[in-house]
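One structure is given here, and the rest of the page talks about it.
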Amino acid sequence: MSKLIRERKEAILEDFEEFARTHTAAGAHMDVAMLRDHAAEILEAFANDLEQPQSEAEQTRKSLGDALRPAGAPPTAAQKHGTDRADSGFTLNEMFAEYRALRASVIRQWSVARTNPQGGDVDDLIRFNESIDEAIGDSITRYVAAIAGYRDMFLAVRKSPRLYRLAV
């Protein structure tokens with residue numbers, strides 16, 4: 001699966017871009033770079049994750065959304081994507097739909113390449129789904145935090161117009 005993601009990355013990104021452009025209000029007015037912003041990095045993270053050995057305990061933690069991350073680690077591509085989508089005016093549903101489209105595109109490419117899947121292929125498909133679910137969780141967490149920050153800033157300005165005038 002990791003090899004397929006890398007080999008067919010451009011086709012997957014084209015599907016992703018087309019979906020974001022035609023199925024999201026915010027995406028309709030964005031250029032290619034903004035639409036694809038972190039999608040290539042997210043795909044690369046999926047491919048890298050699939051290539052790493054994973055114990056049963058690690059798989060269970062990931063499936064529960066409890067994957068271990070080093071303290072102070074830089075934000076993942078999925079986390080950056082969530083923040084950027086909040087900044088770009090996407091709704092939570094639109095951002096989630098992008099991940100559905102990304103998943104569908106990868107699985108479509110996989111099914112074309114694997115007309116007769118073997119046992120290991122199915123394991124890769126399961127791990128891919130776990131990775132994408134983890135990315136969705138990361139993006140949603142950052143998206144919600146960004147929106148909450150904007151809400152708090154708006155409420156602070158509404159409650160204290162004098163502070164707003166001083167800041168501007």
Side-chain angles (χ1 to χ4, degrees), residues 1-24 27 30 32-88 90-146:
M1 174 78 74
S2 62
K3 184 178 175 186
L4 176 131
I5 289 171
R6 289 190 173 102
E7 288 175 355
R8 298 185 182 210
K9 187 184 297 185
E10 187 57 31
I12 294 165
L13 290 172
E14 286 172 4
D15 286 351
F16 177 80
E17 175 193 339
E18 178 64 20
F19 180 88
R21 184 175 309 288
T22 59
H23 289 82
T24 63
M30 297 172 87
V32 173
M34 289 179 74
L35 283 171
R36 290 187 179 199
D37 61 1
H38 301 104
E41 286 179 77
I42 291 168
L43 286 172
E44 190 64 30
F46 294 156
N48 290 339
D49 184 55
L50 289 165
E51 292 170 349
Q52 299 303 311
Q54 177 176 273
S55 70
E56 194 171 314
E58 290 169 321
Q59 182 180 17
T60 300
R61 272 197 308 273
K62 277 177 57 178
S63 71
L64 297 172
D66 294 332
L68 298 177
R69 289 220 175 88
T76 66
Q79 290 170 330
K80 292 185 279 186
H81 187 72
T83 301
D84 285 354
R85 286 311 193 231
D87 292 346
S88 298
F90 275 62
T91 67
L92 187 57
N93 287 338
E94 288 174 330
M95 186 185 68
F96 182 72
E98 285 185 304
Y99 278 102
R100 283 195 336 257
L102 192 60
R103 182 191 316 257
S105 179
V106 170
I107 292 173
R108 189 171 31 260
Q109 294 290 332
W110 180 83
S111 67
V112 167
R114 300 284 188 263
T115 55
N116 189 15
Q118 304 299 312
D121 292 335
V122 173
D123 291 341
D124 278 352
L125 185 60
I126 291 167
R127 285 202 54 195
F128 166 73
N129 277 293
E130 291 168 353
S131 286
I132 203 160
D133 289 343
E134 185 177 16
I136 290 168
D138 287 349
S139 286
I140 287 173
T141 298
R142 287 294 180 100
Y143 178 96
V144 169

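Just so we're clear, the structure is a prediction, and the values are computed from it rather than from any experiment.
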Checklist entry - Run the side chain to side chain contact (heavy atoms under 4.5 Å, CB included) check on Ile5 and Phe128 step by step: do they pass? => result CA-CA 10 Å; Ile5 289 171; Phe128 166 73; 4.2 Å; yes
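- Side-chain contact check for Lys80 versus Glu41: some heavy-atom pair is nearer than 4.5 Å.
- Heavy atoms only, all atoms of each residue included: Asp49 and Arg127 are closest at O-NH2, 2.6 Å.
- Geometrically, Arg85 does not engage Tyr143 in a cation-pi contact defined by less than 6.0 Å to the ring centre and at most 45° from the axis.
- Side-chain contact between Thr76 and Ile42 is absent, with no heavy-atom pair separated by less than 4.5 Å.
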Item to check | Criterion salt bridge (charged side-chain N to carboxylate O under 4.0 Å, His left out) on Asp133 and Arg103, from CA distance to verdict | outcome: CA-CA 10 Å; Asp133 289 343; Arg103 182 191 316 257; 2.7 Å; yes
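- Summarising the local packing, CD of Glu56 is surrounded by 12 or fewer heavy atoms from other residues, nucleotides or ligands at distances under 6.0 Å.
- Shown here are the side chain to side chain donor-acceptor pair (under 3.5 Å) partners of Arg6, two or more places apart in sequence or in another chain: Glu44, Asn48, Glu51.
- Across all their heavy atoms, Ala135 and Phe46 have their closest contact at CB-CE2, 3.9 Å.
- Taking CG of Asp138 as the start and CD of Gln79 as the end, the distance is 4.5 Å to the nearest 0.5 Å.
- Atoms CD and CG, on Glu134 and Asn129 in that order, are 13.0 Å from each other to the nearest 0.5 Å.
- Counting heavy atoms from C-beta outward, Leu4 and Gln109 have side chains that approach closer than 4.5 Å.
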Next on the checklist: Working note: Val106 + Ile132, criterion side chain to side chain contact (heavy atoms under 4.5 Å, CB included); need CA distance, chi angles, decisive distance, verdict.
Outcome noted: CA-CA 11 Å; Val106 170; Ile132 203 160; over 6 Å; no
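- Taking all atoms of both residues into account, the shortest heavy-atom contact from Ala47 to Ser2 is O-CB, 3.4 Å.
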Checklist entry - Given Glu14 and Glu10, is the side chain to side chain contact (heavy atoms under 4.5 Å, CB included) satisfied, shown in steps? => result CA-CA 6 Å; Glu14 286 172 4; Glu10 187 57 31; 3.5 Å; yes
Next on the checklist: Assess the residue pair Met95 and Ser139 against the criterion (side chain to side chain contact (heavy atoms under 4.5 Å, CB included)); give the C-alpha distance rounded to whole Å, side-chain angles, the decisive distance to 0.1 Å, and a yes or no.
Outcome noted: CA-CA 8 Å; Met95 186 185 68; Ser139 286; 3.8 Å; yes
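- The aromatic rings of His81 and Phe16 sit tilted, their planes meeting at an angle between 30° and 60°.
- Under a 4.0 Å N-O distance rule, the pair Arg8/Asp15 does not qualify as a salt bridge.
- The heavy-atom pair separating Ala40 from Leu13 by the smallest distance is N-CD2, 3.7 Å.
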